[in-house]
Protein chains: 4
Amino acid sequence: MNFIRGRFNKSADKLAAEYIASIPFDWRLYPHDIAGSIAHVRMLARQGIILAEETEAITNGLVAIREEIEQGKFEFNSELEDIHMNIEARLIEKIGEVGGKLHTARSRNDQIALDMRLFTKEAISDTLTKLRELQQALISLAEANKGAVMPGYTHLQPAQPVLLAHHLLAYFEMLQRDIDRFGGCLKRTDVMPLGSGALAGVAYNIDRDFLARELDFSQLSQNSIDAVSDRDFVVEYEAAASLCMTHLSRLAEEIILWSSAEFNFIELDEAYATGSSIMPQKKNPDIAELARGKTGRVYGNLLALLTTMKALPLAYNRDMQEDKEGFFDTVDTLLSTLEVFTGMVKTLQVKTENAERMVKQGYILATDLADYLVKKGEAFRTAHEIVGRLVSYAMEKGKSFSQLSLDEYKEFSPRFAEDVYSITVESSIAARDIIGGTAPKRVEQALATAKKIVGEYLHGK
Amino acid sequence: MNFIRGRFNKSADKLAAEYIASIPFDWRLYPHDIAGSIAHVRMLARQGIILAEETEAITNGLVAIREEIEQGKFEFNSELEDIHMNIEARLIEKIGEVGGKLHTARSRNDQIALDMRLFTKEAISDTLTKLRELQQALISLAEANKGAVMPGYTHLQPAQPVLLAHHLLAYFEMLQRDIDRFGGCLKRTDVMPLGSGALAGVAYNIDRDFLARELDFSQLSQNSIDAVSDRDFVVEYEAAASLCMTHLSRLAEEIILWSSAEFNFIELDEAYATGSSIMPQKKNPDIAELARGKTGRVYGNLLALLTTMKALPLAYNRDMQEDKEGFFDTVDTLLSTLEVFTGMVKTLQVKTENAERMVKQGYILATDLADYLVKKGEAFRTAHEIVGRLVSYAMEKGKSFSQLSLDEYKEFSPRFAEDVYSITVESSIAARDIIGGTAPKRVEQALATAKKIVGEYLHGK
Amino acid sequence: MNFIRGRFNKSADKLAAEYIASIPFDWRLYPHDIAGSIAHVRMLARQGIILAEETEAITNGLVAIREEIEQGKFEFNSELEDIHMNIEARLIEKIGEVGGKLHTARSRNDQIALDMRLFTKEAISDTLTKLRELQQALISLAEANKGAVMPGYTHLQPAQPVLLAHHLLAYFEMLQRDIDRFGGCLKRTDVMPLGSGALAGVAYNIDRDFLARELDFSQLSQNSIDAVSDRDFVVEYEAAASLCMTHLSRLAEEIILWSSAEFNFIELDEAYATGSSIMPQKKNPDIAELARGKTGRVYGNLLALLTTMKALPLAYNRDMQEDKEGFFDTVDTLLSTLEVFTGMVKTLQVKTENAERMVKQGYILATDLADYLVKKGEAFRTAHEIVGRLVSYAMEKGKSFSQLSLDEYKEFSPRFAEDVYSITVESSIAARDIIGGTAPKRVEQALATAKKIVGEYLHGK
Amino acid sequence: MNFIRGRFNKSADKLAAEYIASIPFDWRLYPHDIAGSIAHVRMLARQGIILAEETEAITNGLVAIREEIEQGKFEFNSELEDIHMNIEARLIEKIGEVGGKLHTARSRNDQIALDMRLFTKEAISDTLTKLRELQQALISLAEANKGAVMPGYTHLQPAQPVLLAHHLLAYFEMLQRDIDRFGGCLKRTDVMPLGSGALAGVAYNIDRDFLARELDFSQLSQNSIDAVSDRDFVVEYEAAASLCMTHLSRLAEEIILWSSAEFNFIELDEAYATGSSIMPQKKNPDIAELARGKTGRVYGNLLALLTTMKALPLAYNRDMQEDKEGFFDTVDTLLSTLEVFTGMVKTLQVKTENAERMVKQGYILATDLADYLVKKGEAFRTAHEIVGRLVSYAMEKGKSFSQLSLDEYKEFSPRFAEDVYSITVESSIAARDIIGGTAPKRVEQALATAKKIVGEYLHGK
């Protein structure tokens, strides 16, 4: 019962059949495929295209098939190419020729477009939840270490002191944008394609609005050729996932650095670390490393699909079957990475004393000295130059700023006075008192806002 | 006067200096850099951080520098690394030490974030206009060929007849999604970063809201570390551009196919075609080919920036200087491709008779025959099978459907009757009478909607 | 028995353990892992590091485990992370504590480097064979259609007539370069890494030359840190595969074009074509389409690994575990594509009459007319211009070259004479009589050379 | 004088002409284009296709044009599309109609293939030299710090002690493979395409062997269609460059880490570091960061060209014009990065005392303890477990290995004896005494071999 080779006298070459079969990966679409089919036959009955009793037989058959699949009793058959044909063939096997009415007013082209959109909507919904949970974990870590200071880095060099909480909230912001982007993607995915048929629209009096309502879509596709040719929504998910993995890879890099013996700012929980097969002393941040590494595959999947879609003439081409494996992999990778990061962030310990020790080394307050001179009337650029020379001098003498005498300061500028010694890590941090700055009260506000945003989402669910 | 090497005793190695200089490409940001600086010094004066007369001197100096650049009189200097330092050095040269106050309460890190956001907002605005203009050209071509039919293809095989206008409107839909995506990107770009300083926020009493108003931003960045580390908006533009180029590459492919001697559906205007250095008869669709080819570079730029951003620890790292060249190239490529496509689409001639001839060959009405049987009571799957055998028979006999006798039809199904001969290309097209289908009245409606959407935008400007 | 968490008090988080486990995909390395282990314990015994009877016990245990795996009786355990630990744990289960000696003088870092190199060498060998088989199929198709002519295209426009065999041999050349590139990759893969240990080299008196001989490697790695950090050979295979898929995608594109109703140059065998779920008349070149589409994933896998490897500090990092899935996918994709193409090419029918009809349309002999004038003394550039005008004239009159009178010819150049009518498709083809040209005797020679090259390889095996 | 629009009545649209013009970037091929043309006309004269005096006039004209270009006096014209047409038009302007004979027996398709191959051969030659120079710099740095030890890392955790020289030689090996790969690419680039004409071969009695000799090629292309359709050599250079940049990005990452305040293993020379516009104390490793960032663009260029070439039907298509900008960018990026790294590596100072301090912290000798037990008869796996527990104990007690008493040791295994205290960093390093290991004498040998390899190359030039 191979419906799609009707006019052929010859069966497919075995290797060719395997090459073409998508069932090894698209079986996963079965709940969406069956949900779509049930809505479709209901609509066909309402419109008088098939009989009510036919609809009932088909629906019952499909529900039974779904159970077979869920219980692992369904035998997928590569010769039937894909999930649609596997289900349809089994349906006819179960309920007889009436099963052949399921495919009325439908083509695999609009059917797969539907299945993929249903799958993607679900994937986005899961992604949003996991993004919120990771935001929550970051907030908790920030709150648990509210007073902790650390060197803020640029070029991986200590630049200015910041609050650890402020640093962590930078990731909150990144995830916030990810959420926004996935939201836009959801809107463009939420479009019901059934009725487009093979490419020209179907030649039956169907009710597309009913289908949209049944399947919880807010919009209808407006052009049948586009509807079967379009995989923008998949690419867009993959692009949003790529940016999200970029963010996670940056967090991963910092977790790796901070876990190193040299930085030693954090201690991973043992449940989120691994050992070595040969070196008994090792405690490795493998999860962070692997997440950083998996960024590559998420980028690769994006490029793969863009490349596949490039320069395809309209409408459906078999190349488009390649929209699935990479996409499924991206969804799985992103969801599991978000989830495992949430656990890792929640359980890690900050060694605040080490971060604080580093922040007190070196000349991290140099900008504050320049700002000090500016406030005493110096042009910033001149102040910057003066402090540059002062740093050279202090390094040469092996002294920290606080070890320099006022006379030494005055050699560089007469504007220096006793109050130069009141410049401290704490005063430096407190001085960044603007929206988005690292001053404690600003960070407090940002934390409150962040908690509110996440809380509303997680409780609203 | 090299401000950034204050504590160093040694000048940069010549090759190293060249390697690091961004002025060969970031000079292009000068209008944004100067606009940002003017707003910044105005704000500094309002807040009492610098004097009103200092602001005036600086503003006048910056305006004069902008003119120098526009008139090609400005000498860019690689040793000063970037556009910011080139302008600041020239400012001090022109107005003296007071120019050194410009950089008060600002770092290159928030300054470049600002410049890039201003540039990107402008780029998005230009992109949206050009997308609308291409939509307009597609609509005009569709209207000029309202009655034209063509084979609708799947797998590049004739599948079902469609209206050319319907086919063209598929591209309207793709561009519609592009517009939507660039709109989302604009929203996330429209965030004012000044005040973030190097990474921790600035230690001055600045007015960020004033800056946002002056520079026409609707939001403020909420975390200083994120604000200087974030290039999401650039990546997002590049991702949206990649999808848009995918769409244009598909149109390009079709233009190339349709221009071939074998298809021969269209004739490009000579102004949009090229010849050969050796073959005098050639008329080549080079623009479409080149656009198809340029898709690669737009994808490449996206991947390049994603790769660059991967696993960078916070906050600013010099790697991020790589956000510019590829991005500028993507913007330039997309804008010029959209513009040249608009001209090409507007001027091409459709050879409707050739498309119509092709639509009448072969067995393109086979789906309609199957639907015919379904309407007479056959299950679709059985009908499909019957018509499959009928096609085999007709091919063997070398007959078209209309050349088969009713007796021959009846051999395949008793349901066939005289009215089978009323199935025509026209009836097939008219039968696809659903939202999004190719029936003439549906296409008419879709065209009207499309015109309204584009018209509102282009007149609203 | 989880060897790698020795110093930890806490077991891994379940999700974390799954996240990190590579056994779901690296189980596939088992034959290489076991072969490597057997060679390793033999060497350990020879060097007196373990006893001969221990070696025997371990070897027997490993052989038994290999059988368990091959018979599907082995239970892979995700908590044991990878194939190495799964085998080692089972070994100790089977033969007791002595099994714990297997890992003497070895680390997972050099072990996985070995396994991957063994796998890659085998993959390259398979790839080379399949490339030769496809070359063979191309040669056979060329020979079976030795006299067939077709339009040679540039810009998908008919340019000059060529022999089909000549066109097919272009693909022979591409595959020839692929073979050469895989050969270079093989040379750089053929390097034995055992002895590198975790990264510093092992602290035992081992015999690396013996290991290389046993495992059929021709070189030893020369730096232990590099040996465990290097995945160049995997990237290089993926890069060579990407170019090879580029070639196959070009052939796929031509098969799709040639199968179209408009070109109609070839007929695919039904065993290598598919039908439609809704359109009974369809015969689709799905294999070629899917191969074209799969090019994307092979590029994506390459980018993924490059991205993963970027900026990793030495030596081994867990990111490198990501070297496997994409690579295995690339190998599987390339091998199956080559194999299915061989079948498809072997069985397709050329409709030589259609190709010949197209070659006789239009002004494909225009270059020959220009060359004719050159041989009569005209400068090429002038001749090109004259023929350009002649083509315009002929198109306007709706005449072919042979329908123009000699007087008409002479209006464009007095150099035209009666012999202009002897310019034909055949004379044009015959005139390209240089090495690499399309003249029949040159193509004959090229075919002979190609047969010799392939024959030697396939018989040499 | 626009030769390529001969049959057209209409000039190109201005924007279209600019869109298509390659002269803004391919002007750079002029020395190769002129060299190719001179060889070509010499050959034409030898074969009696043009006269000796014509050849002389053309050659002199071309030499004069080359000078005009070199002196900046040549006016490039976008309407003439490319470098070939710009030169040919100027030639005819200078020497009259005879200049029109230059394009006899040649097409732009084989001409650009030639120019690109000549350019690529030169690029490879430059790349090889710069790779050798960087190897030299690494060797010098290793020799200057021969006794220095450092922690060898896996997972960025201290794993086992190694010699710094051994670590640096890992990069020598990577560059060695790069050299090998570029060598393979050179072999496949060194193929002379002239004579292929537009695609079918030229219809003149030309001497391709003479051309190959004149232009220093060792092979002739064997199929004219392939010769004009092939850009494998460009892709292959870009793939080899991508791997090379991967290596440089790893070195860059380590330089950045080692320059951090936390690691503090090296001090960059001021000539290779930069400061900050706002933070006077900063000394940033910008060159290493930027090189790491530029890795993205080199990958992007590779993917761009692969994407462009995907699924192009034979032979030449205008898409292929996109082979240039990204490729030139890759060549420039790789050459400048190699050169600036050579300078940076040569001048950096190693703070051996800091690396040594780190190597003495922690439990980096744990593997040596396990090996110690193995040599006393323990199975490795058991030994690994024992030492794992010992590390836990020592950490808890806050003791280093040397601070543990023998009694404490013996609690974990009776095999421990007094000689356990002779395990030191030095003994650990010395024990890795195998080919490729970090033992001083092995590293000495490796250095000698490396010097010999590089010396031979650099002196052989």
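All heavy atoms count here, side chains included; hydrogens, waters and symmetry mates do not. Order of the sequence lines sets the chain letters (A, B, ...), proteins ahead of strands, with each chain counted from 1.
No more than 12 heavy atoms of other residues, nucleotides or ligands sit less than 6.0 Å from atom NZ of C/Lys397. When the shell of 6.0 Å around CD of C/Glu396 is examined, it contains 12 or fewer heavy atoms from other residues, nucleotides or ligands.
The contact list for residues 352-365 of chain B toward chain C, using heavy atoms and a distance under 4.5 Å, reads B/Met358, B/Tyr363, B/Ile364 by residue number. Taking 4.5 Å as the heavy-atom cut-off, the residues of residues 309-318 of chain B that approach chain C are B/Lys310, ordered by number.
Between C/Leu303 atom CG and B/Thr307 atom OG1 the span is 5.5 Å, to the nearest 0.5 Å. Note: B/Glu262 CD to C/Tyr153 OH = 3.5 Å, rounded to the nearest 0.5 Å.
When heavy atoms are compared at a cutoff of 4.5 Å, C/Phe401 does not approach chain B at all. Contacts of C/Leu156 with chain B are made by both backbone and side-chain atoms, with heavy-atom separations under 4.5 Å. For a residue to count as touching a neighbouring chain, one of its non-hydrogen atoms must lie under 4.5 Å from one of that chain's; by this rule C/Gln157 touches chain B with backbone and side chain alike. At a 4.5 Å heavy-atom cutoff, the contact between B/Phe265 and chain C is made by side-chain atoms alone.
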The test is side chain to side chain contact (heavy atoms under 4.5 Å, CB included); show your working for C/Glu253 and B/Glu253 and say whether it passes. CA-CA 12 Å; C/Glu253 177 80 7; B/Glu253 177 79 6; 3.0 Å; yes

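Across all their heavy atoms, B/Asn284 and C/Thr154 have their closest contact at OD1-O, 4.2 Å.
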